[in-house]
Amino acid sequence: MVLKLSTTFLRTLREDPVDAEVASHKLLVRAGYIRRAAPGIYTWLPLGLKVLARVEAIVREEMNAIGGQEVHFPALLPRDPYEQTGRWTEYGEGLFRLKDRKDADYLLAPTHEEMFTLLVKDLYNSYKDLPVYLYQIQNKYRDEARPRAGLLRGREFIMKDSYSFNIDDEGLDEAYMAHRGAYLKIFERLGLEVIPVFAQAGAMGGSKSEEFLHPTAIGEDTFVRSAGGYAANVEAVTTVVPASIDYANAPAFEVVDTPDTPTIETLVAAANELRPRESGAWEAKDTLKNVVLAVTDPEGNRQLVVIGVPGDRQVDLKRVEATVGAPLGIIGEVQVEAASGEDLAKHPELIAGYIGPGNGLDQAVLGTEGTSGITYLVDPRVVSGTSWITGANEKGKHVFGLVAERDFGFDGTIESVNVLEGDPAPDGSGPLRTERGIEMGHIFQLGRKYAEALDLRVLDQNGKLKVVTMGSYGIGVTRAVAALAEAYHDENGLAWPKQVAPADVHMVVTGKGPELLEAAEKLASELESAGLEVILDDRPKVSAGVKFSDAELIGIPTIVVVGRGLAEGVVEVKDRATGERRDVKVEDVVAELSA
RNA sequence: CGGGAUAUAGCGCAGCUUGGUAGCGCGCGUCGUUCGGGACGACGAGGUCGCAGGUUCGAAUCCUGUUAUCCCGACCA
């Protein structure tokens, strides 16, 4: 059916909505694709639904192609499964919670790991049933602290989420790679550039994880990439460990009076004044900053840890939370915060601004072997033989030329700091630069976290119960629509790539006279017969100028103008994206456009 | 949760300083003219001025409280 604009539920706006900041939001509202219903919650109008359906269709085809089977869960779910995995609590305020008339707790699902796991447990119990890949395209709900940028970060959004169930790790690897391949195909077909970047699995549990980021200046995620092709989320970059340095000829360390130098900045200035270096001025990266943190384990036990990092780096507490468990031998999630004044008061040997590992191996302060007894972890850049300016554990004094291994030891190394522009890529592919991106998809090897929590086990070849291993894989479908609008627009409006456009041809009728409309309707139905979807702007009493600008705002790839040329037997065919226009004989239009 | 701003017709805004019962542009309706780049004229419909209290003869305007929304940050598969 030709979609006639005269009867389509559509109102385009001349002005940008005042609450919209990013182009995709402004244009999708102005062109009549979506309307805001509540903060971060949007209504889809007819044109918007068509785009959404086309995006979903591509996702569906590629998921089916790797053997995915589509199911559909409710968005409204009972509390119990989420209680079993701990996420009822862990999700905190991000979860929409509600009660039924009997006062029982329900939630609007933020993601469906639990339900998929339970569904498989419900129906399957043998290794012979595996592997199985299930997916759905469904609404998710997250009570974001601050929804923003229209469809890009909403509180209700459509996600394709799939889950793989395998009997062993090899199977999980296969499932993961199959999804990875499908995702690359999906984004390629959508016309959305994405970069798979290494990510930290974090709260989702599991091990291997990659995000698919669409690079754009308005992206909320920062990632790094090298010219040689390395790409990673900033939290997941591993530090390149420098080679050890031979310290046989290194000068002995020296304790220097450095009054009023409690910060790295003041210390660097003092160093250049008191002990200028011939090979160039001292910099922040020549100092060793020792940060005292308080780590709380899942049982609530609090302990202090000192992390030594080059002075030009910032310790990232989120990163420490993810990495500090292993060296401390803590299993489970830990909480990390800066040590309080109370914590420090218990350790008078730690003098704020002048903390150091100790002046010489025989005078160790930091470390389980030191006088403080506090675990001392250092950045991987602190390798044997590196020489540092650091605190001398005495107010107003620093020690210069303190050499790792010769003069101080530590209990282990830890990835704890931010990445800086220019850092080397871990795979040797060159210096890293930072970029912004939108997270379009995320794939995880969940492993057995959910299967264990919900007791999903099947019998193996030996008749023994075995915990199933899982992967979870998400694509933000709503977000993909927004990202496409973001990537494909110009100052006049949207300009969809044809595979996701709400139609193939936007036909505009200009001028008066019944023969023009009749000719347009005839041509439109011929195009439809040839398999093209047509929107026909047959609105009476609407000026040509309005129709032209609406056509450009709406952004269908091909615009056909039936007007004054008809007398000579031609219509104008215009490419929305390039602006190129040419006259085509009426009888040739179908052949040209369906080519 | 911290900081900033806003709330008046479907949309975008003015009016508030100095209180006197609401206005502009777009959009919408009718009629006429116009008809290939956001046309013109005439007439018209549409608003408890976010909400609640207070001051006042009288409140969109002043005072108090409250709610909502947007932006920046924190947070975020």
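Every chain is numbered from 1 and lettered A, B, ... according to where its sequence line falls, protein lines coming before strand lines. A quick note: this is a predicted structure, and the numbers were derived from the prediction, not measured.
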Student: Between B/G23 and B/U48, how far apart are the two P atoms, rounded to whole Å?
Tutor: 14 Å
Student: Run the side chain to side chain contact (heavy atoms under 4.5 Å, CB included) check on A/Glu156 and A/Leu108 step by step: do they pass?
Tutor: CA-CA 10 Å; A/Glu156 178 189 80; A/Leu108 294 174; over 6 Å; no
Student: Given that both distances must come in under 3.5 Å, which nucleotide forms a Watson-Crick or G-U wobble pair with B/U48?
Tutor: none
Student: Could you tell me how far apart A/Gln138 (CD) and B/A77 (C1') are, to the nearest whole angstrom?
Tutor: 14 Å
Student: Going by atom types only, do A/Ser164 and A/Tyr473 share a side-chain donor-acceptor pair under 3.5 Å?
Tutor: yes
Student: Taking for each residue the nucleotide of RNA chain B bearing the nearest heavy atom, is the 5' side occupied by A/Gly476 or by A/Arg155?
Tutor: A/Arg155
Student: Taking only the C1' atom of each, what is the distance from B/C51 to B/A60 in whole angstrom?
Tutor: 14 Å
Student: Output one line per pair: protein atom, nucleotide atom from nucleotides 26-35 of chain B, and distance, for all N/O pairs under 3.5 Å.
Tutor:
| residue | atom | partner | partner atom | Å |
| --- | --- | --- | --- | --- |
| B/G27 | OP1 | A/Arg14 | NH2 | 3.3 |

Student: Could you check how far CG of A/Leu516 sits from P of B/G36, rounded to whole Å?
Tutor: 9 Å
Student: Assign A/Val18 to base, sugar-phosphate, or nothing according to its heavy-atom contacts below 4.0 angstrom with the strands shown.
Tutor: sugar-phosphate
Student: Please state the P separation for the pair B/G2 and B/C75 - nearest whole angstrom.
Tutor: 15 Å
Student: Across the strands shown, which category fits A/Tyr473 at heavy-atom distances under 4.0 angstrom: base, sugar-phosphate, nothing?
Tutor: nothing
Student: Using the C1' atom on both, measure B/C13 against B/C49 and round to a whole Å.
Tutor: 14 Å
Student: Using modelled atom types only, decide if a donor and an acceptor are shared between the side chain of A/Arg155 and the backbone of A/Pro147 within a distance under 3.5 Å.
Tutor: no
Student: Taking pairing as Watson-Crick or G-U wobble with both contacts under 3.5 Å, can you name the mate of B/A7, or confirm there isn't one?
Tutor: B/U67
Student: Is the phosphate of B/C75, meaning OP1 or OP2, less than 4.0 Å from a side-chain N or O of A/Arg142?
Tutor: no
Student: Any side-chain heavy-atom pair from A/Val571 and A/Asp583 closer than 4.5 angstrom?
Tutor: no
Student: I'd like the P distance from B/U6 over to B/C63, given in whole Å.
Tutor: 14 Å
Student: Quick check for you: among B/A77, B/G38, B/G37, whose closest atom lies nearest to any side-chain atom of A/Arg479?
Tutor: B/A77
Student: Check this for me: A/Lys121, atom NZ, are more than 12 non-hydrogen atoms of other residues, nucleotides or ligands nearer than 6.0 Å?
Tutor: yes
Student: To the nearest Å, how far apart are A/Ile158 CD1 and B/A77 C1'?
Tutor: 16 Å
Student: Which residue is it: A/Met159, A/Arg87, A/Arg142? I am looking for the one with a side-chain contact (heavy atoms from CB on, under 4.5 Å) to A/Pro110.
Tutor: A/Arg142
Student: Send over the distance from A/Arg36 CZ to B/C71 C1', rounded to a whole Å.
Tutor: 14 Å
Student: On RNA chain B, compare the nucleotides closest to A/Met159 and A/Glu21; which residue's is nearer the 5' end?
Tutor: A/Glu21
Student: If you take the centroid of each ring, where Trp contributes its six-membered ring, are A/Phe73 and A/Phe116 closer together than 6.0 Å?
Tutor: yes
Student: The side chain of A/Arg581 lies closest to which of these nucleotides: B/A77, B/G36, B/G38?
Tutor: B/G36
Student: What does A/Val561 touch in the nucleic acid at a heavy-atom separation under 4.0 angstrom: a base, only the sugar-phosphate, or nothing?
Tutor: base
Student: Checking contacts here: which listed nucleotide (B/G36, B/G37, B/U69) is nearest the side-chain heavy atoms of A/Glu552?
Tutor: B/G37
Student: Return the nearest nucleotide to the side chain of A/Phe157; candidates are B/G36, B/A39, B/A77.
Tutor: B/A77
Student: What is the distance, rounded to the nearest whole Å, between atom CG of A/Asp550 and atom P of B/G36?
Tutor: 17 Å
Student: Who is the Watson-Crick or G-U wobble partner of B/A39, with both distances under 3.5 Å?
Tutor: B/U33
Student: Remember a base hit wins even if backbone is also touched, and classify A/Glu439 as base, sugar-phosphate or nothing at under 4.0 Å, heavy atoms.
Tutor: sugar-phosphate
Student: State the pairing partner of B/C75; accept Watson-Crick or G-U wobble contacts with both distances under 3.5 Å, and report none otherwise.
Tutor: none
Student: Is the A/His506 to A/Phe548 ring centre distance short of 6.0 Å?
Tutor: no
Student: Considering only atom P, compute the distance from B/C43 to B/U21 and round it to an integer number of Å.
Tutor: 24 Å
Student: Tell which nucleotide pairs with B/A60, taking only Watson-Crick or G-U wobble pairs whose two distances are both under 3.5 angstrom.
Tutor: none
Student: For the pair made of CG in A/Asp583 and P in B/G36, what is the distance, rounded to whole Å?
Tutor: 15 Å
Student: Provide, to the nearest angstrom, the distance between the CG atom belonging to A/Asp16 and the C1' atom belonging to B/C70.
Tutor: 15 Å
Student: Give none if B/C16 has no partner; otherwise give the nucleotide forming a Watson-Crick or G-U wobble pair with it, both distances under 3.5 Å.
Tutor: none
Student: Looking at A/Trp44, does the NZ or CZ of A/Arg35 lie under 6.0 angstrom from its six-membered ring centre and within 45 degrees of the ring axis?
Tutor: no
Student: Using the P atom on both, measure B/G12 against B/U8 and round to a whole Å.
Tutor: 9 Å
Student: Between A/Glu486 and A/His489, do the side chains contain a donor N or O and an acceptor N or O under 3.5 Å apart?
Tutor: no
Student: Please state the C1' separation for the pair B/G25 and B/G20 - nearest whole angstrom.
Tutor: 27 Å
Student: Would you mind reading off the distance between A/Glu114 atom CD and B/A77 atom C1', rounded to a whole angstrom?
Tutor: 13 Å
